[in-house]
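Residue numbering restarts at 1 for every chain, and letters A, B, ... go by the order of the sequence lines.
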Protein chains: 2
Amino acid sequence: MAAALRLVDERGLDGVTVEAISEAVDVSPRTFFNYFATKDDAVLGGPLPTGPSMRERLLAVPAEVALVPALLEAMSADIREVQAERDFWLRRLRVIKNNPSLLPLLVARGECAEEETIAAVAARTGLPADSLFPHLVASLVGAAFRTAMMRWATSGDTDLHDLVREAFDVLAVGLAAPAPTHEEVSK
Amino acid sequence: MAAALRLVDERGLDGVTVEAISEAVDVSPRTFFNYFATKDDAVLGGPLPTGPSMRERLLAVPAEVALVPALLEAMSADIREVQAERDFWLRRLRVIKNNPSLLPLLVARGECAEEETIAAVAARTGLPADSLFPHLVASLVGAAFRTAMMRWATSGDTDLHDLVREAFDVLAVGLAAPAPTHEEVSK
DNA sequence: TAAAAGTTTGCACGTTGTGCAACTTCGCGT
DNA sequence: ACGCGAAGTTGCACAACGTGCAAACTTTTA
């Protein structure tokens with residue numbers, strides 16, 4: 001994975017063959033495909049991050065906390081993990097930005113998390129899991145999180161957790177536009 | 001495109017080769033690739049729907065309308081178009097549901113609309129186009145729209161416009177959970 | 001040391017996707 | 001009717017992706 005990510009970062013997705021990647025790690029191409037189903041998998045792939053499921057984490061948040069802050073809380077572990085491997089993720093996100101055909105895969109990976117989020121939101125609100133609301137919330141949270149990540153990756157060194165919080169705040173207030181930047185908030 | 005969609009609907013994405021599609025329309029496989037870059041393109045593809053740009057449509061909505069309803073208004077043309085070709089879209093969405101590897105492509109197609117939405121939201125709010133808010137709104141709107149579409153496709157015969165409105169309402173009120181279903185709204 | 005279990009590898013094959021050059025088709029002006 | 005050029009279509013060769021199968025190799029275990 002590391003070799004694949006590095007090579008694609010240097011030469012672009014189409015400039016790197018499976019043969020090149022396997023060669024870089026002294027393995028036969030056939031062995032490559034024993035571990036990754038596709039070339040893309042090697043770049044973005046690897047096993048999904050394990051740990052307590054989204055469902056459990058969300059339900060662990062006290063019930064009196066509103067939904068959006070609760071979701072933020074439930075995701076904070078992932079956020080910390082991403083920030084702990086800052087360089088790795090910056091490179092990975094840069095690669096995605098340069099090779100948009102990979103973005104779909106990132107979305108797909110988020111989808112398994114989405115499944116969990118749906119169940120968790122349904123459980124928390126008492127709504128049936130096949131009603132619109134849980135599905136909607138899950139996809140919105142995923143979109144907000146991705147947007148914050150992408151921004152974090154490009155726009156310098158801000159704290160990821162702050163960015164996600166900012167995005168979630170926008171969600172929580174119903175997409176109210178923030179005041180134009182340099183304007184003082186006069187009380 | 002029609003042949004590709006039909007065949008993939010019948011046999012699944014992997015059960016249909018480019019050769020089969022081209023054969024079904026009496027063309028050589030080589031010609032197929034003169035029109036579609038990939039097999040997926042033939043299934044989901046075709047030229048993007050043209051018409052007044054999202055930007056223009058959004059700016060055409062009176063400024064006193066709040067952001068979310070304005071976005072709904074701006075998208076209503078697309079919604080009507082989808083509903084006008086109901087059968088086509090139902091089949092297309094069913095195919096996507098059965099072949100999740102296509103979903104990414106659907107997202108990618110939405111992305112060009114997303115570019116426009118970013119610009120439009122920036123213009124409407126007076127925020128710089130590279131600030132977080134417009135990006136966030138665009139991705140959220142896209143996610144809400146996709147979720148509503150998917151629901152429309154699976155969950156029977158409801159009106160698409162109503163579903164999108166419902167989703168946008170959730171967005172507008174900050175993800176407040178609706179009251180559990182059969183409960184009467186007592187005034 | 002030898003059998004068992006697990007990994008790596010080579011090989012053959014089908015499919016996707018591209019560049020190039022030849023071929024067909026069609027309209028158009030003379 | 002003839003030839004001309006533009007546009008579309010096709011075949012061919014080729015690189016890369018991805019998979020099934022069985023042989024070879026390595027590690028573990030007895």
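Closest of all the heavy-atom pairs between B:K39 and B:V16 is NZ-O, 2.9 Å. Among all heavy-atom pairs drawn from A:A129 and A:A122, the shortest one is CA-CB, 3.7 Å.
Separating the NZ atom of A:K39 from the C1' atom of C:dT16 is a distance of 13 Å, rounded to the nearest angstrom. Nucleotide C:dT16 holds its C1' atom 13 Å from the CG atom of B:D41, rounded to whole Å. Atom-to-atom, CZ of A:R30 to P of D:dA22 comes out at 13 Å; the value is rounded to the nearest Å. Rounding to whole angstrom units, CZ of residue A:F36 and C1' of D:dA16 are separated by 18 Å. If you measure from atom CZ of A:F32 to atom P of D:dG18, you get 8 Å, rounded to the nearest angstrom. Following rounding to the nearest Å, A:D40 (CG) and C:dT16 (P) show an atom-to-atom distance of 17 Å. As rounded to whole Å, 12 Å separates atom C1' of C:dT16 from atom CG of B:L13. Between the CD atom of B:E19 and the C1' atom of D:dT10 there is a distance of 14 Å, rounded to whole Å.
Using a 4.5 Å heavy-atom threshold, the side chains of B:M149 and B:V82 count as touching.
OP1 or OP2 of D:dT10 sits under 4.0 Å from a side-chain N or O of B:S28.
Distances were taken from every side-chain heavy atom of B:T31 (C-beta onward) to each of C:dT16, C:dT9, D:dT9; the shortest belongs to D:dT9.
In this structure, A:Y35 reaches the sugar-phosphate backbone alone: every heavy-atom distance under 4.0 Å involves primed, P, OP1 or OP2 atoms, never a base.
A distance of 11.0 Å separates CG in A:L44 from CZ in A:F36, rounded to the nearest 0.5 Å.
Between A:N34 and A:V16, the residue whose closest nucleotide on DNA chain D is further toward the 5' end is A:V16. When each of A:T17 and A:A37 is assigned the nucleotide of DNA chain D bearing its nearest heavy atom, the one mapping closer to the 5' terminus is A:T17.
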